Amino acid sequence: MKAHRIALIAACAMAASLSQAQAPAKLKIGLMLPYTGTYAALGIAIENGFRLQIAEHGGKLAGREIEFVKVDDESDPSKATDNVNKLVKRDNVDVLVGSVHSGVAMAMAKVAKDTGTLLIVPNAGADIVTGAMCAPNIFRSSFSNWQPAYAMGEVALAKGAKKAVTITHKYAAGDESVKGFREAFEKGGGQIVKDLSLPFPGVEFQALLTEIASLKPDVVYTFFAGGAAVKFVKDYAAAGLKKNIPLYGAGFLTDGTLDAQGADADGLFTTLHYADSLGTPRDNAFRLAYAKTYKMQPDVYAVQGYDAAQILAIGAAAVKGDLSKKAEFASAVEKAKIDSPRGPFMLSKAHNPVQDIYLRQVTSKENKLVSVAIKGLADPARGCKM
Ligand code: BEZ
């Protein structure tokens with residue numbers, strides 16, 4: 001009897017260890033996002049969206065459970081290379097997801113390119129990531145800085161503006177956003193009378209606002225996001241500029257920020273690849289699921305996180321969970337139509353979304369859809385050799 005029980009216990013132990021041996025290893029995702037600083041809310045929304053899509057797959061991708069290794073990158077490019085190297089070399093992640101800040105994303109893209117690690121960028125718009133740095137293992141679920149900015153250049157012209165002042169944080173995203181606006185605005189005969197900037201993440205806008213008042217342009221074009229966007233919109237109104245000089249922006253100016261900006265944001269026009277009132281069944285379902293799960297409304301960052309996980313899910317399914325099969329992963333993603341809440345989109349050859357850019361206007365604390373500013377806008381992917 002005793003011997004029988006021992007044999008039974010041994011058999012059970014063996015069965016348990018066999019089934020453990022057969023369970024595929026967890027899929028390790030290196031999530032490198034800002035959780036502190038001016039872009040903290042953006043990082044949180046991206047993670048929320050990402051997790052929501054994973055939950056819709058029952059918490060697994062291609063049969064593999066998910067393990068997150070999280071890093072707060074603080075939107076600090078000087079720490080980015082160390083941070084991403086740790087994820088790749090120490091933690092052996094299967095895929096990198098990040099980040100928000102263009103300077104951080106560029107460092108991530110360099111490591112991804114050098115090591116061949118899969119990278120999905122869920123926000124940062126650095127043009128170069130799907131331009132000169134493009135690579136078969138690098139994908140973006142968001143936008144290039146050029147896309148919403150170029151669209152706003154056309155919108156400003158259509159609204160009759162001839163002279164503009166630009167104002168932004170002085171780093172890749174701000175510079176490229178202004179460049180994209182300038183390209184369209186000057187092409188149509190507009191003139192930029194002055195480019196103003198301040199170092200990231202500074203929010204001392206007063207002297208710059210005084211300069212805008214004395215320059216008296218027809219419009220101001222701006223790129224600010226997160227906490228800085230909240231303060232800029234409030235300061236612009238407090239300086240008395242809002243009623244005299246229309247403030248236009250890439251949509252980050254008013255996305256995820258409207259509760260804090262209050263009435264100071266009312267009426268602002270922005271361009272972006274998402275709006276709060278698309279009203280499609282797909283977007284309605286996403287918004288409902290997000291609101292139920294997180295007790296808050298989604299924004300563009302949540303959508304981009306959700307779609308980053310959709311890209312991963314499509315690639316992972318195609319390679320049956322074996323993410324070392326990079327070429328097969330890429331080929332599946334390249335052929336896929338991503339069923340995004342923003343509207344369906346495909347990736348360009350350089351792996352950046354080809355997408356509609358919406359003109360939105362802030363009304364009743366929402367970025368309401370006004371029109372499609374440019375349909376199916378593809379980033380020019382300058383310098384990409386793929
Ligand atoms: C960027 O650095 O690329 C970025 C940051 C916040 C919003 C949009 C773009």
Side-chain angles (χ1 to χ4, degrees), residues 32-47 49 72-80 97-110 119-131 133 138-152 166-181 197-203 221-233 249-258 261 270-274 298-305 307-308 342 352-353 355 357-358 360 367 379:
M32 191 162 141
L33 292 168
Y35 294 104
T36 52
T38 193
Y39 290 162
L42 288 58
I44 292 164
I46 288 169
E47 179 175 345
D72 176 6
D73 67 38
E74 304 165 52
S75 296
D76 185 346
S78 74
K79 298 181 183 163
V97 176
S99 186
V100 166
H101 184 287
S102 275
V104 173
M106 285 191 268
M108 295 184 79
K110 165 101 176 58
L119 166 64
I120 305 174
V121 180
N123 181 69
D127 292 341
I128 198 171
V129 167
T130 53
M133 294 182 85
I138 298 178
F139 306 86
R140 182 150 53 194
S141 66
S142 50
F143 60 94
S144 73
N145 288 320
W146 180 88
Q147 283 176 306
Y150 185 87
M152 188 42 103
T166 70
I167 179 164
T168 185
H169 274 141
K170 184 87 201 132
Y171 80 105
D175 291 345
E176 290 174 355
S177 189
V178 165
K179 207 166 153 204
F181 175 82
S197 64
L198 76 170
F200 178 86
V203 289
Y221 174 76
T222 187
F223 167 90
F224 288 112
V230 171
K231 175 131 192 320
F232 184 76
V233 164
F252 316 105
L253 186 67
T254 57
D255 228 87
T257 53
L258 291 176
Q261 287 164 334
T270 62
T271 43
L272 204 61
H273 46 288
Y274 189 57
D299 54 21
V300 70
Y301 309 106
V303 171
Q304 295 168 172
D307 291 341
R342 75 188 84 169
N352 188 66
Q355 56 195 340
I357 304 294
Y358 304 110
R360 311 108 48 87
N367 286 291
D379 177 82

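Model, not experiment: these values are computed from the prediction. Whatever order the structure lists ligands and atoms in, that order sets their numbers, starting from 1.
Using a distance-only test at 3.5 Å, with no hydrogens or angles considered, a donor-acceptor pair links the side chain of Thr38 to the main chain of Ala228.
Using a 30° and 60° split on the angle between ring planes, Phe224 and His169 fall in the perpendicular class, above 60°. Using bins of under 30°, 30° to 60° and over 60° for the plane-to-plane angle, the ring pair Tyr171/Tyr39 lands in the tilted bin.
With respect to Asp73 and Lys79, no salt bridge is recorded, no charged nitrogen being found less than 4.0 Å from a carboxylate O.
Within the 4.0 Å heavy-atom criterion, neither part of Phe224 lies near ligand 1. Contacts between Phe200 and ligand 1 below 4.0 angstrom, taking non-hydrogen atoms only, are absent altogether.
Of the protein's heavy atoms, Val100 O, 3.2 Å lies nearest to atom 1 (C) of ligand 1.
Atom numbering of ligand 1 starts at 1 in the shown order; those under 4.0 Å from a heavy atom of Tyr171 are 1 (C), 2 (O), 4 (C), 5 (C). Taking every non-hydrogen atom of Ala173 and a distance limit under 4.0 Å, the qualifying atoms of ligand 1 come out as 1 (C), 2 (O), 3 (O). Interface of Asn123 with ligand 1, defined as ligand atoms under 4.0 Å from a residue heavy atom, comprises 4 (C), 5 (C), 6 (C), 7 (C), 8 (C), 9 (C). Listed by number with element, the atoms of ligand 1 under 4.0 Å from a non-hydrogen atom of Phe143 are 8 (C), 9 (C). Atom numbering of ligand 1 starts at 1 in the shown order; those under 4.0 Å from a heavy atom of Phe223 are 4 (C), 8 (C), 9 (C). Those atoms of ligand 1 that come under 4.0 Å of a heavy atom in His101, given as number and element, are 2 (O). Annotation for ligand 1: atoms under 4.0 Å from non-hydrogen atoms of Asn145 are 3 (O). In summary, the atoms of ligand 1 found under 4.0 Å from a heavy atom of Ala225, numbered by their order in the structure, are 6 (C), 7 (C).
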Indicate every side-chain donor-acceptor pair of residues 122-129 with a distance under 3.5 Å to a residue at least two apart or in another chain.
from   : atom 1 : to     : atom 2 : distance (Å)
Asn123 : OD1    : Gln304 : NE2    : 2.9
Asn123 : ND2    : Val100 : O      : 2.9
Asp127 : OD1    : Asn145 : N      : 3.1
Asp127 : OD1    : Trp146 : N      : 3.1

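Where the criterion is an N or O separation shorter than 3.5 Å, residue side chain and backbone included, Ser102 meets it with respect to ligand 1. Of the polar atoms of Ala126, none of the N or O atoms is found under 3.5 Å from an N or O of ligand 1, judged by distance alone.
No side-chain heavy atom of Phe232 sits less than 4.5 Å from a side-chain heavy atom of Phe223.
The side chain to side chain contact (heavy atoms under 4.5 Å, CB included) test applied to Ala172 returns Ser102, Met106, Glu176, not counting sequence neighbours.
A 6.0 Å sphere centred on NZ of Lys231 holds more than 12 heavy atoms belonging to other residues, nucleotides or ligands.
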**Message:** One pair to check against side-chain hydrogen bond (donor to acceptor under 3.5 Å, both in side chains): Ser141 and Asp307. What are the steps and the verdict?
**Reply:** CA-CA 6 Å; Ser141 66; Asp307 291 341; over 6 Å; no
